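These numbers were taken from a predicted model, which means no experiment stands behind them.
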Amino acid sequence: MANDVVAGGGEPEYGMATGPLVATIGTAALAGLLFGFDTAVIAGVTADLTTLFALTPETLGLTVSAALWGTLAGAIFAGKPGDAIGSRNSLRVLAAFYLIAGLGCAFATNWPMFLFFRFLCGLAIGGSSVLAPVYIAEIASPRRRGMLVGLFQLMIVLGILIAYLSNATIAGLTSGDAEWRWKLGVSAIPAAVFTMLLFTIPNSPRWLVSKGRHAEAGDALARMGAPSSDLARLERAMVDDAPGERLSWHRHRRPIVLAILVAVFNQLAGINAVLYYLNDIVSRAGSVSPDRQAILIGIANLIFTLVGMALIDRVGRKTLLLIGAAGTALCLAAAAAVMFGAAPVGVMLPALAGFIAFFAISQGAVIWVYISEIFPTPVRARGSALGAGTHWLMNAVIAGVFPMLVAVSPGVPFAIFAVAMVVQLIVVAVIFPETRGVDLDEMHRRIDG
């Protein structure tokens, strides 16, 4: 990476990889591990919670969704503190939320107490889905930004798999009333590690320059192993940024539209609805066992997330979105055909695996990268919060509507998702700009051009 240069020039590229920089980015990406773990770990304790708190199907749904609504709130409200006090400092607060929520859920003595701590966990998930990608984007090399921000998505996938593995391990080692408490409480361990590591990394130099704290920016660059000339380059590149700038439709119309669209289409693919209701889908299709399908789907998700990370800085964000839209549309149409009885049940597993694969290399790999890079530095966290908030709102709405659509006909939601992906293919081809390799401080010219 030492030979990375700015396109058309001979200066070393800002954010070129050094040991301290890689460690800094790795620390921020750990937020994704907690994101994935705390999202998935609830699946292993629903039966215990139903018995302990005498939950009805309705209250069980509220229990599971408590973190989801906290996630929506966390994503919406993380932007302002992120721009005001910096992504790193805000992530420290969210890391404390993860730690407190993990311990609080484990020691909860009643249902309202459990709901409170799951909601707090959701606040941490939503906030970190905004701020960790923003922090990474601001310190990463333009040539490697897609892959490096993509580490956040990889950590999410790993966190989900680790949660399932942790649940299975704890179930094999313990039994009785304390089992579910251990499953939830173990999340406090990575949360504590994440909290400590955040005190070893600096603020984003780009954010510090935007606040006029140039000496601190120089110190932060030095801690990440960057040459002293990077400070002057940042100052020149950001000279047009207005400190204290507000996110507004008048000034930021195009990135706002792009952030909302990429978030909406991400969820209209049906990815979270499919994952939330995977066992029910498999049972209705009458294919192989739900446990086996879930394992295969998880493996496909991990493998193709890695593929997406490898491709995002080579072929670009727009190209991946186009490939993913076409591929997911075909796979969803095949799944709909199975559900409508127009195709054999043996088609279901390859259709779902193909859907996960195309999603992972496209929308899954691109969303957090794209949202975190298209807004100017002074409003980047607030703009990212808008995109992430849209993502989580659509997630909640679709997850709630999905069972009702299945009740009408199991094939209906898959048909709707397939049509939505065809629409995405057209929209991305017409209005989405390519952002691969573009410096963040040049991005607004590319977006508005």
Side-chain angles (χ1 to χ4, degrees), residues 30-57 59-71 74 94-126 128-129 155-196 272 275-280 289-295 297-299 301-302 395 399:
L30 283 177
L33 185 83
L34 288 163
F35 174 149
F37 188 98
D38 283 311
T39 299
V41 72
I42 191 72
V45 301
T46 51
D48 295 295
L49 295 176
T50 299
T51 301
L52 179 65
F53 298 131
L55 301 179
T56 66
T59 53
L60 176 60
L62 179 60
T63 303
V64 173
S65 65
L68 183 57
W69 291 109
T71 299
L94 295 175
F97 283 5
Y98 275 122
L99 179 59
I100 295 168
L103 294 174
C105 287
F107 290 103
T109 56
N110 56 63
W111 185 56
M113 183 178 177
F114 185 85
L115 286 183
F116 170 79
F117 284 113
R118 280 299 290 174
F119 184 83
L120 183 66
C121 180
L123 290 177
I125 293 170
S128 59
S129 74
M155 289 295 106
I156 293 173
V157 174
L158 282 176
I160 292 171
L161 292 177
I162 290 171
Y164 290 137
L165 178 61
S166 173
N167 282 346
T169 301
I170 291 172
L173 294 175
T174 64
S175 60
D177 295 339
E179 180 182 320
W180 71 272
R181 297 184 185 276
W182 280 106
K183 288 179 178 179
L184 294 169
V186 73
S187 67
I189 297 173
V193 172
F194 181 50
T195 302
M196 291 186 289
N272 284 327
L275 293 179
Y276 291 158
Y277 297 100
L278 182 60
N279 284 5
D280 292 338
S289 72
D291 287 342
R292 182 183 172 193
Q293 290 234 35
I295 292 170
I297 294 301
I299 292 172
N301 197 6
L302 177 61
N395 183 356

Answer yes or no: is there a side-chain heavy-atom contact under 4.5 Å between [X] and [Y]?
X      : Y      : answer
Cys105 : Phe114 : yes
Tyr98  : Thr195 : no
Leu115 : Thr63  : yes
Phe194 : Pro190 : no
Val41  : Val45  : no
Ile42  : Leu49  : yes
Trp111 : Leu55  : yes

Kindly assign one of parallel, tilted or perpendicular to the pair Trp180 and Phe53, based on the angle between their ring planes and the thresholds 30° and 60°. perpendicular
Straight-line distance of [X] [atom1] to [Y] [atom2], nearest 0.5 Å:
X      : Y      : atom1 : atom2 : answer
Leu94  : Phe35  : CG    : CZ    : 12.5 Å
Leu161 : Leu33  : CG    : CG    : 10.5 Å
Leu302 : Ile160 : CG    : CD1   : 10.5 Å
Phe119 : Thr71  : CZ    : OG1   : 9.0 Å
Glu179 : Leu184 : CD    : CG    : 11.0 Å
Trp69  : Leu62  : CH2   : CG    : 10.5 Å

Atom of [X], atom of [Y] and distance for their closest heavy-atom approach:
X      : Y      : value
Arg118 : Ala66  : CB-CB, 4.2 Å
Arg181 : Phe107 : NH1-C, 3.5 Å
Ala188 : Leu103 : CB-CD2, 3.7 Å
Ala31  : Ser128 : CB-CB, 3.9 Å
Ala108 : Met113 : CA-SD, 3.7 Å

Is Ser166 reaching over with its side chain to a backbone N or O of Ile162, donor-acceptor style, under 3.5 angstrom?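 A pair under 3.5 Å: no.
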Spell out, as yes or no, whether a donor-acceptor pair under 3.5 Å connects the side chain of Ser65 to the backbone of Leu68.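 A pair under 3.5 Å: no.
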Could you check whether atom CG of Asn110 has more than 12 heavy atoms from other residues, nucleotides or ligands sitting under 6.0 Å from it?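 More than 12 heavy atoms, drawn from other residues, nucleotides or ligands, come within 6.0 Å of this atom.
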Are Ser129 and Ile125 close enough, and set up right, to give a side chain to side chain contact (heavy atoms under 4.5 Å, CB included), and what steps lead you there? CA-CA 6 Å; Ser129 74; Ile125 293 170; 5.6 Å; no
